[in-house]
Amino acid sequence: MDPASKHGRTSNSSSSANQTTNNTSNAPVKKSAKELKAERRALQERQRAEKAARAAGNAAVPSKKPPSGSATSTTVGSTSSTSATATVVPSETAGSAKTIDSKQKSSHTKEINNKQVDMFSHLEISKGTNTSLAPKEIHPAILMLGLQFSEFKICGANARCIAALTAFKKVIQDYKTPEGTTLSRHLPTHLSPQITYLVNARPMSVGMGNAIRHLKWEISTIDIEMSDDEAKQLLCEKIDNFIRDSITVADRVIVEYGLQKIQDGDVILTYARSSVVQALLLEAHEKGIKFKVIIIDSRPRLEGKKLLNCLVDAGINCTYAFLHAVGFAMKDVSKVFLGAHAFMSNGALYSRVGTAMVAMMANEKNIPVIICCETYKFTDKVQLDSFVMNEQGNPNDVVNISTTLTPKPGLLSEWLNKPDLKLLNLLYDLTPSKYITTVITEVGMIPCTSVPVILREY
Amino acid sequence: MSEENVKATDDAEQFDIVTCYQKFLKDDPDLSMPIAAIESLVELIKHSKATTLTEFMESLKDASQKLKSSVKNSISLSAGADLFLRFVTRTSHDVTNFEACREHLINSGKVLVEKAAAVREKIGDLGVQFIKDDATILIHSYSRVVMLLLQRAAACKKRFKVYVTESRPLQLGIGAAKVLCKSGIPATVIYDTAVGYIIDKVDAVFVGAEGVVENGGLINAIGTYQLAVVAKAANKPFYAVIESYKFVRLFPLNQYDLPTHTPDLLTFPDLEQHNTDSSEDEVIGNYEAINPTVDYTPPDYITLLCTDLGVLTPSGSASK
């Protein structure tokens with residue numbers, strides 16, 4: 001089974017030491033760096049061989065290995081498990097530095113865990129992925145994807161969904177139905193560990209959840225008589241259709257509707273980077289509409305920079321400001337366009353942290369707030385605040401105060417040593433429906449209270 | 001084939017939809033604009049010599065466009081025209097034979113028009129429950145539906161008084177007050193600007209509408225939004241009474257996003273252009289031309305919508 005699946009809320013203190021004692025007891029034991037290094041190497045060999053037999057509880061441990069394992073993972077990335085054993089050799093030659101580093105990092109993650117903010121203790125902080133310790137049955141495409149997700153290389157609801165579906169297409173294409181069972185019965189069970197692995201890398205987005213549910217339903221309707229090749233071909237086609245209908249074409253329709261609401265002389269404010277809003281602004285510029293854009297951005301992700309580069313390259317007049325200046329920037333704004341991660345049934349918007357502030361500020365000045373959201377991101381969940389469901393990022397991201405690629409730690413760099421200091425890095429927030437003027441979806445412009453109607457009808 | 005086409009369009013053009021529409025309005029003062037639009041479109045179908053479905057649809061669409069552009073305030077008109085066009089499209093998909101389709105449409109058009117008269121009665125019956133005995137009602141301008149509702153309530157032996165806003169520039173409120181007094185309902189005309197003064201003496205506010213937009217907001221005579229804001233501030237219920245064929249496929253973001261928006265209102269006189277000799281009157285110019293005639297009331301200010309489909313909340317009407 002997937003070792004990463006059950007790490008839950010077990011304390012991280014048993015991380016490194018537990019590996020060495022996994023066959024005997026779970027009691028944490030502190031060892032020196034050298035002993036740890038040797039035992040770890042031996043353990044990795046043993047883990048490969050004993051993967052299937054290992055109990056779920058002990059299996060919790062390897063997932064806590066820090067991303068220092070990512071260097072080895074690049075060699076693992078595209079091949080099968082035999083090369084995984086080969087990478088154990090490079091890690092030996094990589095030397096004690098790495099293992100000492102990983103020991104430091106693992107105690108690091110242990111400390112981070114102890115410093116979790118109580119109010120958000122129900123939200124786990126992703127421990128990062130170590131692909132060399134992933135279970136054998138995880139497809140390399142999924143390994144790569146998990147890594148990209150946990151390192152935020154692929155960011156944004158649409159991008160993640162498309163990447164995930166493309167990876168699942170590869171998994172399906174490489175799949176072979178075992179003897180004695182049918183594709184429509186066995187494929188979902190084959191996909192489950194892959195999905196769990198992705199969820200552990202980074203919690204799934206609502207849109208991805210809907211997409212995967214759709215995929216599982218498509219699998220279940222496959223005719224038993226169909227041959228493997230035909231069925232796989234059909235499924236890949238269905239996945240392509242889903243991406244096309246729910247994302248690509250939906251975005252184009254949203255852009256068309258959105259163009260009706262952009263006129264000459266508009267000053268448009270947007271927050272962070274939404275792929276749909278970006279497409280809309282580029283299209284409006286191409287149509288010759290004269291407007292200005294104010295991009296509001298926030299740390300630590302600084303996603304707005306990519307949007308800024310894109311729009312400036314297209315020749316749009318842009319202003320860039322940080323979130324704390326939004327009240328001042330809002331003075332001359334005529335419309336606010338925002339993107340969405342998900343839309344709840346009570347009309348609340350779940351989006352990048354900071355969106356709620358922008359929406360509230362705009363509402364205060366009676367400026368219309370327009371959300372661009374595809375219908376596959378609608379969910380029948382109801383959420384009233386930003387606490388019950390959210391995602392915590394790595395608190396260490398807050399420490400780096402540099403706005404360029406080179407990290408520059410600020411005053412918070414010693415936060416682990418200060419006993420009463422905790423850092424919180426939330427990724428999403430909830431905007432109540434009363435701050436939203438309208439939602440543009442591919443089925444039209446709707447008031448946000450009509451979301452359950454769309455879920456019912458489509 | 002092309003000759004026939006030309007002849008068909010000529011015939012349709014000889015039948016001028018705008019004159020037909022205006023004739024309907026003049027003949028029956030109780031007829032509302034969207035119903036007159038539907039009736040004139042039905043007339044067009046009768047006179048149309050189109051032989052193919054596509055040509056037929058094209059001529060209908062052109063006529064509807066012509067109607068909309070002929071009238072200055074075309075919101076309720078476009079609601080009716082769009083409703084009928086949607087109905088035509090749906091019927092043309094169901095009924096394959098062109099001639100049968102035409103017959104069906106002409107009959108359905110007649111039925112729609114007949115039902116329209118009954119619609120107001122239905123709304124009247126539903127809305128009466130909101131007028132309590134010994135109530136004071138505030139209404140805005142002249143709306144036929146609201147008049148019918150109040151007369152229905154009086155017939156139910158309810159005793160109530162009505163304040164009517166004068167509603168400049170057309171001053172329709174004065175006519176409304178006269179009609180009410182004739183029906184035995186005591187009515188007083190107040191200035192539009194005296195709404196805030198009188199609101200505490202009022203129990204409920206009733207307005208009609210030109211159209212209901214997609215988020216449940218209202219488009220009505222200028223001054224309705226002000227009235228709604230004052231009513232909300234004074235915690236008085238604000239009821240809108242409207243026929244279901246007036247639901248418009250528009251989604252205004254604010255006052256200035258309406259098709260009836262008068263952009264000239266947002267510009268100021270260029271004082272340098274006018275030399276000191278010209279009188280102040282010339283500088284201000286014709287302010288009546290640049291002032292708007294309708295405004296948009298957001299759904300937050302509306303308590304309930306009384307329609308012939310039932311009594312709805314604004315968000316409920318959005319689902320309809």
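All heavy atoms count here, side chains included; hydrogens, waters and symmetry mates do not. Reminder, nothing fancy here: chain letters follow the sequence lines and each chain counts from 1.
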Item to check | Rounded distance [0.5 Å steps], CG in B:Leu83 versus NZ in B:Lys246 | outcome: 13.0 Å
Checklist entry - Under 4.5 Å between any side-chain heavy atoms of B:Leu105 and B:Val88, yes or no? => result yes
Checklist entry - Checking ring-ring contact (aromatic ring centres under 6.0 Å, His included) for the pair B:Phe206/B:Phe130: CA distance, chi angles, key distance, verdict? => result CA-CA 10 Å; B:Phe206 281 82; B:Phe130 292 106; 7.1 Å; no
Next on the checklist: Heavy-atom cut-off 4.5 Å, strictly under: side chain, backbone, both or neither for A:Lys434 against chain B?
Outcome noted: neither
Checklist entry - Less than 4.5 Å apart, any side-chain heavy atom of A:Cys318 and any of A:Tyr320? => result no
Checklist entry - With only heavy atoms counted, which part of A:Pro368 is less than 4.5 Å from chain B, the side chain, the backbone, both or neither? => result side chain
Item to check | Residue A:Thr449 versus chain B: region with a heavy atom under 4.5 Å | outcome: side chain
Next on the checklist: Could you check whether B:Tyr301 and B:Tyr225 have their ring centres less than 6.0 Å apart?
Outcome noted: yes
Checklist entry - Given a strict heavy-atom distance threshold of 4.5 Å, which part of A:Ser450 is in contact with chain B: side chain, backbone, both, or neither? => result side chain
Item to check | Heavy-atom contact with chain B under 4.5 Å, split by part of A:Ile367 | outcome: neither
